[in-house]
Structure formats: structure tokens, C-alpha cells
2 protein chains.
Amino acid sequence: MDLPLESGDDGAAAGPRERARARIEAKILGAAESVFAEHGFSGASMSEIARRAGIPKPNLHYYCKTKEELYQRVLRHILDLWLSTADEIQANADPAAAFAHYIAAKIDLARRHPLASRVFANELIHGAPRLGDFLENELQDWVAKKSKVIDGWVKAGKMHPVDPRHLFFMLWAATQTYADFAVQIAAVLGRKSLKPADYDRAALQTTEIVLRGLGLK
Amino acid sequence: MDLPLESGDDGAAAGPRERARARIEAKILGAAESVFAEHGFSGASMSEIARRAGIPKPNLHYYCKTKEELYQRVLRHILDLWLSTADEIQANADPAAAFAHYIAAKIDLARRHPLASRVFANELIHGAPRLGDFLENELQDWVAKKSKVIDGWVKAGKMHPVDPRHLFFMLWAATQTYADFAVQIAAVLGRKSLKPADYDRAALQTTEIVLRGLGLK
DNA sequence: GTCTATAAACTGATAGAC
DNA sequence: GTCTATCAGTTTATAGAC
């Protein structure tokens with residue numbers, strides 16, 4: 001199971017009315033995330049989401065006009081989670097520590113929010129038809145900024161030369177795989193589901209190979 | 001576009017009747033693969049598959065009784081493709097050459113069969129409900145066999161010690177991401193779709209980082 | 001705000017004429 | 001083998017009573 005989605009508190013003191021509404025919306029978003037993660041957009045049904053949220057179907061439509069709108073809310077929550085990953089890839093940081101921290105943070109995200117990761121992965125696999133301009137704008141900007149930092153480290157002779165963009169593709173893939181393809185990993189490891197120790201081992205080895213691979217160890 | 005799926009020739013000399021049937025079945029499997037890749041199992045509709053295969057919907061049901069059966073055929077074709085990847089991870093091989101070859105082959109697979117890779121990825125993301133015992137049997141056996149080889153290389157002091165299973169998770173992820181998440185990668189690279197040079201660069205850098213990371217360079 | 005009943009569209013699958 | 005017509009079931013979404 002995943003942690004329930006938080007419904008951004010609207011700042012000002014909330015009365016019991018607003019509190020109740022917020023609690024329901026949080027339940028809806030959590031239920032929606034789990035159903036979308038399991039079945040994808042088309043496969044998810046509003047009835048199932050309502051059932052998991054513990055409310056009648058028409059009430060779900062009262063809070064969220066359309067399935068599309070509900071999906072967009074879930075997706076936006078996930079993108080914010082993704083971008084806000086505290087990372088320390090900054091010019092004045094130590095490269096080895098920065099990459100180690102980034103890998104650990106990403107695997108931690110995969111462990112704590114596997115459903116969110118899967119909804120996002122599903123969206124990408126099918127060509128990102130509902131992702132709007134996130135990839136072209138927000139993500140590209142993010143990568144451009146971080147790439148400059150890495151280029152700086154390379155020029156300063158602190159690490160082996162690399163194409164930072166492909167490095168990120170590799171880091172994203174190697175870490176998110178522990179959320180997106182958890183069934184495959186669990187099956188190969190002979191488990192029913194991944195244990196904390198599995199994620200720790202994954203982070204350790206991934207960090208080791210990447211750091212050595214970048215000439216940082 | 002993907003290469004059309006080949007319909008395993010039934011050996012013996014085929015008459016024009018069988019040839020016609022084989023051609024139609026190949027068209028159906030190719031259409032099915034593309035629709036399943038785009039929309040997932042639930043999102044894919046038999047009408048759309050029939051339309052893309054250029055035949056009326058009832059004819060599609062004539063060749064493939066149910067949507068489930070059609071999906072299973074597509075899936076099986078993909079699994080065979082996956083397992084048959086010529087790899088040189090064998091005890092008497094040179095580790096550096098073997099890993100370099102494996103990475104190149106996997107990225108080549110991602111380039112040549114992106115749709116197949118996406119259907120498989122989609123299946124895994126949603127918990128592999130239609131994958132039968134492939135993960136627990138065929139794949140686990142494959143990994144166990146290859147892991148022994150790698151353990152041997154480690155014991156012989158040819159490379160740094162690693163958990164071979166997590167190494168495979170990393171290699172699979174880092175290579176398949178160029179098929180599964182191609183939209184994301186293309187967007188970040190500022191392209192409409194990936195160019196041959198992008199795959200080459202990916203293979204080169206991935207190999208470099210992995211080999212160095214394993215103490216093979 | 002909540003719920004019963006239902007509309008309107010689409011789905012996988014088939015019957016049966018050719 | 002091929003295709004027209006259609007069935008039975010589900011889907012998203014809403015109307016309207018409470």
C-alpha cells in the first residue's frame with residue numbers, strides 16, 4: 001500500500017466543513033492513484049475508484065467532474081513529487097556525495113511512492129498523451145540546469161567526461177525500476193514483495209557502480 | 001514504426017492458401033502489438049486492431065477467438081525475443097567484451113523493437129497479471145545461470161564484487177528505457193523522435209560507465 | 001452534499017447470410 | 001473464409017428526488 005495523498009491545505013484556518021471535504025478529496029486521490037497504477041487510464045473505472053474511496057459513484061463525479069480531470073490531478077501531484085526531490089546536484093557540492101545522495105533519494109522515492117511512479121511510467125510508455133508540456137518545458141529546463149553543473153564538474157577535472165543527459169536517463173531508469181518493475185525484481189529475487197534490505201542493497205550497489213563509473217571512487 | 005511480426009513458418013512447403021493466412025496473421029499480430037503498446041490491454045480495442053490490420057472486426061475474431069488470446073500471442077512473441085537475445089555472458093568469455101556486447105544488444109533491441117518492449121513493460125507495471133509463470137520460471141532460471149557466470153568472474157578476480165541480480169536489474173533498466181520512455185528522452189534531447197546517433201551515444205556511455213564501474217576498464 | 005435511476009456511447013463477441 | 005447486423009454487458013456521466 002502507498003501513503004495517502006495529501007490534499008494541499010488551503011492555508012487559512014479551515015472549518016470542520018473544509019476539513020471534511022479535504023479528507024474526502026484525499027481519499028479520492030489516493031484511491032485514484034492506486035487504480036490508475038494498477039490498470040492504467042483506460043483500464044481504470046470510476047466505479048472502482050469510488051468503491052476504493054468508500055463513496056458512491058455519483059459523489060465521485062461531484063468532486064471530480066470527469067475521469068480525465070481526476071487523472072490530471074493525480075498526475076500533477078506526481079510531477080510535483082518528482083521535481084521536488086531534494087537533490088544536491090549543485091555547483092558547490094562534492095560530486096561523489098551529490099550523486100550518492102541523488103541515487104539514494106530516487107530509490108527512496110521508488111520505495112515510498114511506487115504507485116505514483118507507476119502512473120507516471122505508464123503515461124510515458126503510452127506516449128505521454130496526457131502529460132501536456134511537462135516534458136518539453138519543466139523537465140527539459142530541470143535537465144538543462146543540472147547538466148550545466150555536471151559539465152562544470154567535468155571541466156574542473158573532478159570526474160570523467162560524460163553526456164549529463166544520458167547520465168540522467170541511466171540514473172532515472174536504474175532507480176525507478178525498483179518501483180515500476182517491482183514484480184519482476186521480486187520474482188527474480190524469489191520474494192513475494194521487495195523488502196527494505198532489497199532497496200538498501202540496490203542503492204548501495206547502484207551508487208558504487210555509478211561512482212566508480214564516473215571516476216569518483 | 002516497428003518491424004512486422006513474423007509468423008513462424010510452419011516448416012513444410014506452404015501452399016498459396018497457407019501463405020495468405022500467414023500474411024494475414026502477421027498483419028494482425030503487428031497491428032495488435034502497436035495498439036497494445038499504445039493503449040495497454042484494457043485501452044486497446046479489437047475494432048482498432050482490426051482497422052489497423054485492414055480487416056473487418058469479425059474476421060479478426062475468426063483468426064483470434066478472444067482479445068485475451070490475441071494478447072497472449074503478442075506477449076509470447078515478445079518473451080521469445082527477449083530470451084533469445086544473443087548474449088555472450090558465458091564463463092569462458094572476456095567479461096569486458098561480454099558486458100559491452102550485452103549492453104549493445106539490449107539497446108539494439110530497444111531501437112528495433114520499441115513496441116514489443118513497451119507491451120512487456122506495460123505488463124510488468126500493472127503487476128504482470130497475464131504473464132503466467134514466466135517471471136518465476138523462465139526468467140529466474142535465466143538469471144540464476146548468468147549469475148553463476150558472473151560470480152565466477154568475481155571469484156577469479158576479473159572484476160569487482162557485485163550482486164549479479166541487481167546488476168541485471170540495472171542493465172535491463174538502463175537499456176530498455178530507450179524504448180519504454182523514448183518520449184521522455186526525445187523531449188529532453190529536444191527531438192521529435194530518437195535518432196540512430198542517440199542510441200549509439202547511449203550504448204557508448206552506458207558501456208563506459210558500467211565497465212569502469214565493474215572495474216573492467 | 002448525497003444517492004437512486006438511467007441515459008448514451010462503447011466494448012468484446014456472435015449469428016447467420018453469402 | 002468473409003462480412004452485415006446485432007446482442008449483451010460495461011463504461012462515463014447526469015437528472016432529479018432527498
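Within every chain, numbering begins at 1; the chains are lettered A, B, ... in the order of the sequence lines, protein sequences first and strands thereafter. Side-chain atoms are counted along with the backbone in the values below, which use heavy atoms only and exclude waters and symmetry mates.
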Please list, chain by chain and in numerical order, all residues satisfying salt bridge (Lys or Arg N to Asp or Glu O under 4.0 Å) with A:Lys146, sequence neighbours excluded.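 Partners of A:Lys146 under the salt bridge (Lys or Arg N to Asp or Glu O under 4.0 Å) test: A:Asp87.
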Please identify each residue that fulfils salt bridge (Lys or Arg N to Asp or Glu O under 4.0 Å) with A:Arg76, with sequence neighbours left out.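 For A:Arg76, the residues satisfying salt bridge (Lys or Arg N to Asp or Glu O under 4.0 Å) (neighbours in sequence not counted) are A:Asp80, A:Glu138.
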Less than 3.5 Å apart, which donor and acceptor atoms pair up between the side chains of residues 183-193 of chain B and the rest of the protein, not counting sequence neighbours?
from: B:Arg191; atom 1: NE; to: B:Asp198; atom 2: OD1; distance (Å): 3.1
from: B:Arg191; atom 1: NE; to: B:Asp198; atom 2: OD2; distance (Å): 2.6
from: B:Arg191; atom 1: NH2; to: B:Asp198; atom 2: OD1; distance (Å): 3.1

Please list, by residue number, the residues of residues 48-63 of chain A whose heavy atoms come closer than 4.0 Å to an atom of DNA chain C; answer none if no residue qualifies.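 Within this stretch, A:Pro56, A:Pro58, A:Asn59, A:Tyr62, A:Tyr63 sit under 4.0 Å of the strand.
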For A:His39, all residues meeting ring-ring contact (aromatic ring centres under 6.0 Å, His included), sequence neighbours excluded: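 Here no residue qualifies.
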Test ring-ring contact (aromatic ring centres under 6.0 Å, His included) applied to A:Tyr71 - qualifying residues, sequence neighbours left out: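 For A:Tyr71 the ring-ring contact (aromatic ring centres under 6.0 Å, His included) partners, ignoring immediate neighbours, are A:Phe36, A:Phe41.
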What verdict does the side chain to side chain contact (heavy atoms under 4.5 Å, CB included) test give for A:Leu214 and A:Phe99, after you've listed the backbone C-alpha separation in whole Å, the side-chain angles of each residue and the deciding distance to 0.1 Å? CA-CA 10 Å; A:Leu214 295 175; A:Phe99 283 118; 3.9 Å; yes
When you list every nucleotide of DNA chain D with an atom under 4.0 Å from a heavy atom of chain A, which one comes first 5' to 3', and which comes last?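 Nucleotide range with atoms under 4.0 Å of chain A: D:dT12 to D:dT14.
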B:Glu88: what forms a side chain to side chain contact (heavy atoms under 4.5 Å, CB included) with it, not counting sequence neighbours?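 Residues passing side chain to side chain contact (heavy atoms under 4.5 Å, CB included) with B:Glu88: B:His101.
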Side chain to side chain donor-acceptor pair (under 3.5 Å) involving A:Asp151 - partner list, sequence neighbours excluded: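 Partners of A:Asp151 under the side chain to side chain donor-acceptor pair (under 3.5 Å) test: none.
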Given atom NZ of B:Lys65 and atom C1' of C:dA13, what is their separation to the nearest angstrom?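 Nearest whole value for this atom pair: 9 Å.
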